[in-house]
S.K.: 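Okay, handing you the structure first.
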There are 2 protein chains.
Amino acid sequence: MTSGEPAGSEHRVSEGHAALAYDRIRQAVVEGAYGPGDRLVEQRISEEFSLSRTPVREALRRLESEGLVVFRRNRGAAVRSMSAEDVRDLYELRARLESYAAELASVRGSIGSCDAMDEAAEQFERQVDRSDDVGIARDDRVRALSDTNNRFHQTIVAAAGHERLTQMLAGAVDVPLVFRALRGFERSELQRSAEFHRMTAHAIRRGEGARAGRLMSEHILLGRDRLMEDLYRSDGAGRERE
Amino acid sequence: MTSGEPAGSEHRVSEGHAALAYDRIRQAVVEGAYGPGDRLVEQRISEEFSLSRTPVREALRRLESEGLVVFRRNRGAAVRSMSAEDVRDLYELRARLESYAAELASVRGSIGSCDAMDEAAEQFERQVDRSDDVGIARDDRVRALSDTNNRFHQTIVAAAGHERLTQMLAGAVDVPLVFRALRGFERSELQRSAEFHRMTAHAIRRGEGARAGRLMSEHILLGRDRLMEDLYRSDGAGRERE
DNA sequence: CCCACCCATATTGCGTACAAATTGGGTCAT
DNA sequence: ATGACCCAATTTGTACGCAATATGGGTGGG
């Protein structure tokens with residue numbers, strides 16, 4: 001630490017304060033603690049996390065480049081709010097990018113990465129099967145499901161071995177939406193997702209890139225359609241808070 | 001200004017110092033004034049531009065998110081150096097993204113945007129025709145050509161009306177490479193590019209999205225192939241300076 | 001009653017100071 | 001001569017303070 005902290009009060013600073021601020025703000029946005037349109041005032045956030053404004057500012061600009069927040073000149077950051085068209089477009093884009101990733105993974109992926117995909121797909125399936133276990137809070141179940149789902153998709157992206165594509169997908173997968181989508185899924189829809197995971201992984205393992213790409217695309221677009229039904233039944237979602 | 005400047009010494013600060021630093025560093029990288037692997041020390045750059053480190057730092061992180069520079073923990077920024085595989089992958093990605101943009105533009109583009117495409121395509125053609133005009137320095141010709149080429153591509157992206165895609169392409173089009181590619185093009189190759197511009201714009205105007213997408217993809221991949229021939233004949237390009 | 005204008009306030013944008021970490025070179029022991 | 005180690009210099013990471021700018025409410029005039 002430079003000066004402020006009592007030294008030893010945190011677990012690990014190894015990643016720096018900026019990265020910490022980034023993680024925390026991101027999680028808050030992803031899980032909806034900060035809703036679309038909410039302003040993200042640097043001063044307030046830095047106090048909330050007991051940091052200075054500098055790393056917070058850096059984190060916000062990084063989130064901006066990932067599209068999670070928007071900046072308005074001399075007005076600072078606010079959580080991005082998306083219209084129905086934005087959601088539709090974003091998912092189409094993501095479908096194309098991940099479809100490309102699946103194609104590449106079919107060609108470049110190692111046996112090990114295929115095993116990792118299968119492992120994630122199987123865990124997802126098990127979590128779906130246990131999805132009405134009342135022992136766990138709903139939000140925790142969704143979070144676990146979301147984590148596993150992310151791991152499956154990220155394994156494929158990693159197997160594609162395309163650094164720039166990886167970087168882009170980090171920004172194109174609008175995690176708040178994915179989280180919300182999984183939250184709204186019925187059990188049968190989760191099972192269908194699991195099915196697509198298996199089929200996609202299988203196609204990749206066999207080196208059938210075109211099929212893998214189409215399956216991945218369809219998987220994502222199915223998720224989109226379901227999500228949009230949800231979003232525009234309950235509330236307008238294009239709304240601005242405040 | 002806060003304190004440093006003599007007040008009134010610059011033309012317009014309306015965009016802020018950070019944006020200015022961003023523009024200047026970006027241009028330096030694009031045109032090769034800073035070569036791949038060169039370290040970008042904040043202190044030195046801020047003195048070079050008579051700013052403080054803060055806006056420079058912000059500009060560098062933005063360039064990082066666009067993939068032009070890389071950061072290494074506690075070592076700061078350096079101009080990204082790309083291997084042959086990186087270049088190949090990046091162009092493939094760009095081809096897919098711009099192909100998608102062309103498809104969208106075919107559906108969503110207005111008459112006005114089609115006119116703008118044609119205008120840019122025609123100007124490009126005229127500049128190619130004058131491309132052995134000895135009255136202008138080679139670098140200036142290349143810069144003008146590059147600007148017009150960018151305008152053509154950006155018009156299509158804008159016509160696609162997909163905010164996120166626009167943002168991504170801003171980072172996916174590795175401008176240093178495009179600049180270098182155009183620099184190395186023979187007249188006949190420039191003419192072929194102009195031809196593809198015309199064909200693509202025509203397909204978009206007629207609403208034939210699939211064709212427009214394929215033409216755009218082919219246009220970009222042809223550029224890639226030509227560029228890579230160039231890059232890996234002259235020098236290794238995967239090299240690290242310093 | 002409504003509109004234009006102005007001022008207090010909240011918040012960003014930038015400059016600067018200082019501490020921590022990495023690096024490269026020099027030194028000492030083997 | 002070679003290897004490990006340590007120290008100093010460079011450079012990043014963070015905190016903090018001040019000036020500039022947008023904002024929203026209140027006031028006066030039409």
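This one's a predicted model, so the numbers in the text were calculated from it and none came from an experiment.
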S.K.: Rounded to whole Å, please give me the gap between NE2 in A/His17 and C1' in C/dA21.
M.R.: 14 Å
S.K.: Could you check how far CZ of B/Arg39 sits from C1' of D/dT10, rounded to whole Å?
M.R.: 8 Å
S.K.: Is B/Thr148 reaching over with its side chain to a backbone N or O of B/Ala144, donor-acceptor style, under 3.5 angstrom?
M.R.: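 Yes; judged by distance alone, with no hydrogens or angles, the pair exists.
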S.K.: So, is B/Thr54 close to the C/dC14 phosphate, meaning a side-chain N or O under 4.0 Å from OP1 or OP2?
M.R.: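 Answer is no, no contact under 4.0 Å.
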S.K.: Taking the six-membered ring for Trp and the full ring for Phe, Tyr or His, determine whether the centres of B/His17 and B/Phe49 are under 6.0 Å apart.
M.R.: no
S.K.: Once you round to the nearest 0.5 Å, how far does CZ of A/Arg80 lie from CG of A/Leu63?
M.R.: 12.5 Å
S.K.: Would you mind reading off the distance between B/Arg62 atom CZ and C/dG13 atom P, rounded to a whole angstrom?
M.R.: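 Rounded to whole Å, this separation is 12 Å.
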S.K.: Return yes if some donor-acceptor pair links the side-chain N/O of A/Arg226 with the main-chain N/O of A/Leu182 below 3.5 Å, else return no.
M.R.: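 Not a single qualifying donor-acceptor pair exists.
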S.K.: Atom CD1 of A/Ile45 to atom C1' of C/dT12: distance rounded to whole Å?
M.R.: 13 Å
S.K.: Assign B/Leu60 to base, sugar-phosphate, or nothing according to its heavy-atom contacts below 4.0 angstrom with the strands shown.
M.R.: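 Since no nucleic acid heavy atom lies under 4.0 Å of B/Leu60, the category is nothing.
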S.K.: Look at A/Arg57 and C/dG13 and indicate whether a side-chain polar atom (N or O) is within less than 4.0 Å of OP1 or OP2.
M.R.: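 Answer yes for this pair, as a side-chain N or O of A/Arg57 is under 4.0 Å from OP1 or OP2.
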S.K.: Touch check for A/Glu42, heavy atoms < 4.0 angstrom, all strands: base, sugar-phosphate only, or nothing?
M.R.: sugar-phosphate
S.K.: Out of D/dT11, D/dT14, C/dT12, which nucleotide sits closest to the side chain of A/Ala18?
M.R.: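 Within the option list, the nearest is D/dT14.
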S.K.: Grab the CZ-P distance between B/Arg53 and D/dC16 for me, whole Å please.
M.R.: 16 Å
S.K.: So, is B/Arg61 close to the D/dG13 phosphate, meaning a side-chain N or O under 4.0 Å from OP1 or OP2?
M.R.: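 True: B/Arg61 side-chain N/O within range (under 4.0 Å) of D/dG13 OP1/OP2.
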S.K.: Roughly, in whole Å, what's the span from OH in B/Tyr22 to P in C/dG13?
M.R.: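 Atom-to-atom, B/Tyr22 to C/dG13, this comes out as 17 Å.
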